[in-house]
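Below you'll find the structure, written out as structure tokens, and then a few comments.
Just so you know, these numbers come straight off a predicted model, no measurement behind them.
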Amino acid sequence: PLFRSGLRKPYIWEYSRLNLQNTVLSKRKLTWFVDEGMVDGWDDPRFPTVRGILRRGMTVEGLRQFIAAQGSSKATVVMEWDKIWAFNRKVIDPVSPRYTAIDKADAVPFLLSGASEPFCKEVAKHPKNPDVGTKPTWCSPTVWIEQVDAVLLKEGDVVTLINWGNTVIESMTKDGDKVKSINAKLDLENKNFRDSIKLTWLGETDEAAFIPCKCIYYEHIITKPVLTKDDDFKKYVNRNSKREVDSLGDPCLASLKKGDIVQLQRKGFFICDRPHVPVSIHTSVAAPCYLIAIPDSKSAPTTTTSGAATSEKGKGRPKTEKKKVCWQLDCSKFEIYCVRRSKKSKLGRERG
């Protein structure tokens, strides 16, 4: 009767559920995290909810591209988070402005001889996209660098301060393995940047104070990649999945608004969760800028389909998965490499 009435013939498409590793998708289980106070709420950046991943820095366009690329597969799919964030990176990388932030606890003073009074220069916000605009960068006789960079330096090294020029290390003050301060000399006439060490830095000046920042890093809320039906998810809860790092931020970070996405050079992409508020007349304290780290997948992501690994391009035969299994016997470690063949190749051999 339906077809005789001239109505369009409906088509029913069946497709499997998309599962994600290191998390739970059941609303009952997610409610447990909220009730126990282990997360901020339903928009917690660790949650696999739309509100959660948007707060963590996922863009609507990146999410749309990811869903469109999956198709309507009928096979059970367990997806790694790396793949969804890889799509997001392609969207935000070309348009995100670049800024600098230094870990406050590990900041090292870099004292420059031959430097004049502090001055400001305009530099590009994005090295490859001039449409993003420019930003002011303050140069001064005292700049600050990261401790992880300082420990790699030695006297006589040629160091390039990004967006300024070359310097030569003259002396270093250390306390054990920790660097306390570095004295260097400007060598702006040296234009050889290929063989030098590149450093991110912040210039100290009274005219543009550093912006207090809190860089927040999240990890998976479940430690086991794939939970089975018999697993109690409460046994695999990651109770240390949030880490905050106090940082000294670029003065330009004061203009960030909630939801703005930037890249902190050599740290990764971040989304502004709470903008900086200047010193209040009531508390005499400035509110820091809260920046949430956006997962950045630079390696090719993989997808687990019904227990077998497939290539990202999806061309040709499915690639075999190489697993490394380790046993420990009498305090000796033996490494055995097992190659799991695809179901298709097994079926072909049986028929042959």
Side-chain angles (χ1 to χ4, degrees), residues 39-47 49-63 85 88-89 91-107 120-127 129 131-138 144 146 163 200-219 241-296:
V39 293
D40 299 335
W42 286 95
D43 63 342
D44 189 279
R46 291 162 288 189
F47 264 16
T49 59
V50 174
R51 291 172 59 192
I53 61 176
L54 289 179
R55 185 183 172 194
R56 198 172 184 179
M58 172 60 61
T59 60
V60 175
E61 178 60 27
L63 184 59
W85 293 115
N88 192 59
R89 175 185 169 85
V91 175
I92 64 177
D93 186 29
V95 296
S96 298
R98 271 54 172 171
Y99 296 107
T100 303
I102 306 294
D103 291 352
K104 186 176 180 179
D106 293 327
C120 180
K121 60 184 296 189
E122 291 289 326
V123 300
K125 289 183 178 180
H126 195 291
N129 186 3
D131 294 336
V132 179
T134 61
K135 64 176 182 178
T137 296
W138 286 89
W144 293 82
E146 297 270 12
N163 292 327
T200 53
W201 54 279
L202 286 175
E204 181 178 343
T205 174
D206 295 334
E207 299 185 36
F210 299 143
I211 299 301
C213 297
K214 283 188 178 292
C215 297
I216 307 174
Y217 299 87
Y218 289 102
E219 298 179 5
S241 56
K242 181 180 180 180
R243 180 170 59 94
E244 294 185 1
V245 178
D246 292 328
S247 303
L248 304 175
D250 192 314
C252 297
L253 294 177
S255 62
L256 290 185
K257 301 183 293 296
K258 181 178 176 61
D260 287 348
I261 295 178
V262 300
Q263 185 189 65
L264 299 182
Q265 296 185 77
R266 302 173 62 201
K267 289 182 180 294
F269 293 96
F270 289 79
I271 183 172
C272 179
D273 188 56
R274 199 183 308 170
H276 166 70
V277 178
V279 177
S280 171
I281 60 175
H282 303 289
T283 62
S284 300
V285 177
C289 177
Y290 286 81
L291 299 172
I292 296 178
I294 303 175
D296 183 9

Using side-chain heavy atoms (C-beta onward) and a distance below 4.5 Å, is C272 in contact with K257? no
Between F210 and L202, what is the shortest heavy-atom contact and its length? CE2-CB, 3.6 Å
Kindly say whether D131 contributes a backbone atom to a donor-acceptor pair with the side chain of N129 at under 3.5 angstrom? yes
Got F269 and D93 here, is their nearest side-chain heavy-atom distance under 4.5 Å? yes
Using a 3.5 Å distance criterion without hydrogens, assess whether the side chain of N88 forms a donor-acceptor pair with backbone atoms of G57. yes
For L264 and A101 the tightest heavy-atom approach is CD1-CB, 3.8 Å
Taking the basic N atoms (NZ, or NE/NH1/NH2) and the acidic carboxylate oxygens, is any pair closer than 4.0 Å for K214 and D273? no
Is the side chain of K104 donor-acceptor paired with the backbone N or O of P212 at a distance under 3.5 Å, no angle test? no
Verify side chain to side chain donor-acceptor pair (under 3.5 Å) between Q265 and T200, making sure each step is shown before the conclusion. CA-CA 7 Å; Q265 296 185 77; T200 53; over 6 Å; no
For the OH atom of Y290 and the SG atom of C215, what is their distance to the nearest 0.5 Å? 11.5 Å
Quick one: are P136 and E122 in side-chain contact, heavy atoms under 4.5 Å? yes
Note, I294 side chain near W85 side chain (heavy atom, < 4.5 Å): yes
CG on L291 to CG on L253, rounded to 0.5 Å: 6.5 Å
State, yes or no, whether a side-chain contact exists between V39 and R46 at a heavy-atom distance under 4.5 Å. yes
Heavy-atom distance under 4.5 Å between the side chains of R55 and F47, does that happen here? no
Once rounded to the nearest 0.5 Å, what's the spacing between atom CG of D296 and atom NZ of K267? 14.0 Å
Quick check: do L256 and P275 have side-chain heavy atoms less than 4.5 Å from each other? no
Quick one: do D250 and R98 satisfy salt bridge (charged side-chain N to carboxylate O under 4.0 Å, His left out)? Show the steps, please. CA-CA 10 Å; D250 192 314; R98 271 54 172 171; over 6 Å; no
For the atom pair OG1 (T137) and OH (Y99), what is the distance rounded to the nearest 0.5 Å? 10.0 Å
R56 side-chain N/O to Y218 backbone N/O, donor-acceptor pair under 3.5 Å: yes
Is any side-chain heavy atom of I261 less than 4.5 Å from a side-chain heavy atom of T59? yes
Kindly say whether G249 contributes a backbone atom to a donor-acceptor pair with the side chain of S247 at under 3.5 angstrom? no
How far does CD of E204 sit from CH2 of W144, to the nearest 0.5 angstrom? 6.0 Å
Going from CG on D40 to NZ on K242, what distance comes out if it is rounded to the nearest 0.5 angstrom? 4.5 Å
Please report the closest heavy-atom contact between H276 and A287, naming both atoms and the distance. ND1-O, 2.8 Å
Scanning both residues in full, the closest heavy-atom pair of T100 with W201 reads CG2-O, 3.6 Å
If you take all heavy atoms of S96 and H126, which pair is closest and at what distance? O-CD2, 3.3 Å
